[in-house]
Amino acid sequence: MRKPIIAGNWKMNKTSLEAIAIAEELKRDLVDVGGVDIVVCPPFTALQSVSEALTDMNIAVGAQNVHWVDNGAFTGEISASMLKDFGARYVIVGHSERRQYFGETNETVNKRLRAALAHGLTPIVCVGENLAEREAGKTFDVIKNHCEGSLAGLSGDEAGRIVIAYEPVWAIGTGRTATPQQAQEAHAFIRQLLEKLFSADVAGDVRIQYGGSVTPENIASLIAQPDIDGALVGGASLKAQPFATIVKAALSSK
Ligand code: PEP
């Protein structure tokens with residue numbers, strides 16, 4: 001039985017004071033909630049303050065990106081050991097915004113993923129097609145390409161430690177959510193792929209989140225699907241109340 005996992009991606013939002021305020025509110029709302037992994041991913045600048053605010057709580061902290069080298073002449077970059085130093089336990093890699101605006105490729109996603117695993121961080125690896133690709137009937141080709149490229153060279157043990165987020169790009173920040181059936185179809189495809197690439201055990205263990213306009217209203221029908229193990233939430237994670245509602249609804253509907 002896979003434990004559900006709900007993660008909030010705050011993207012480039014929140015000063016550290018604003019971030020602490022949400023963290024404090026989440027702490028109050030979610031203190032008694034067990035049976036689900038809860039993660040918030042503030043911007044780098046608020047990682048430490050949010051980690052401190054959530055010390056010993058049931059809410060883990062994640063980063064939104066990581067560089068693959070440990071230290072050196074890479075101006076502007078942040079390494080896995082630096083993230084750990086700030087209390088991060090998770091890191092999002094290969095988000096479509098990074099693929100679209102910052103030249104992220106499967107190859108660089110793979111390097112980031114390996115660096116995260118090597119430092120004991122749990123990578124949340126994002127895959128998913130854009131609208132043109134879906135309309136051209138290429139959804140599964142794109143997902144396969146993202147998964148095979150991003151996970152290249154991983155051992156079964158390493159693959160078993162990742163989280164995958166299926167995020168159709170056309171659903172991110174658009175208010176246009178994939179239907180539960182569309183999402184389930186993609187998640188089942190990813191799970192079959194994991195079995196081919198690694199093993200039935202890995203396929204059975206890896207948690208696959210859905211991401212794309214998740215709200216308190218639609219989480220229940222999404223998470224009720226057999227291969228949907230959680231959600232990566234953008235917009236609805238920027239306020240404590242809707243995010244906490246999503247966490248609780250996910251738990252009660254799984
Ligand atoms: C995201 O950015 O990963 C995301 C899913 O955003 P939203 O929930 O706003 O669509």
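Model, not experiment: these values are computed from the prediction. Counting starts at 1 for both ligands and their atoms, following the listed order.
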Against heavy atoms of [X], which atoms of ligand 1 measure under 4.0 Å?
{"X": "Ala171", "value": "10 (O)"}
{"X": "Asn9", "value": "2 (O), 3 (O)"}
{"X": "Gly212", "value": "5 (C), 10 (O)"}

Ignoring hydrogens and geometry, is there a side-chain-to-backbone donor-acceptor pair from [X] to [Y] under 3.5 Å?
{"X": "Trp10", "Y": "Val40", "result": "no"}
{"X": "Asn106", "Y": "Asn145", "result": "yes"}
{"X": "Asp229", "Y": "Ile208", "result": "yes"}

Any N/O pair [X]/ligand 1 closer than 3.5 Å:
{"X": "Gly234", "answer": "yes"}
{"X": "Thr174", "answer": "no"}
{"X": "Gly173", "answer": "yes"}

Which residue and heavy atom of the protein sit nearest [atom], plus the separation:
{"atom": "atom 9 (O) of ligand 1", "value": "Gly235 N, 2.8 Å"}
{"atom": "atom 1 (C) of ligand 1", "value": "His95 NE2, 3.3 Å"}
{"atom": "atom 3 (O) of ligand 1", "value": "Glu167 OE2, 2.7 Å"}

Are there over 12 heavy-atom neighbours, none belonging to Lys138, within less than 6.0 Å of that residue's NZ? no

Glu18 atom CD, neighbour heavy-atom count above 12 within 6.0 Å: yes

Can you say whether the rings of Phe140 and Phe189 are parallel (under 30°), tilted (30 to 60°) or perpendicular (over 60°)? tilted

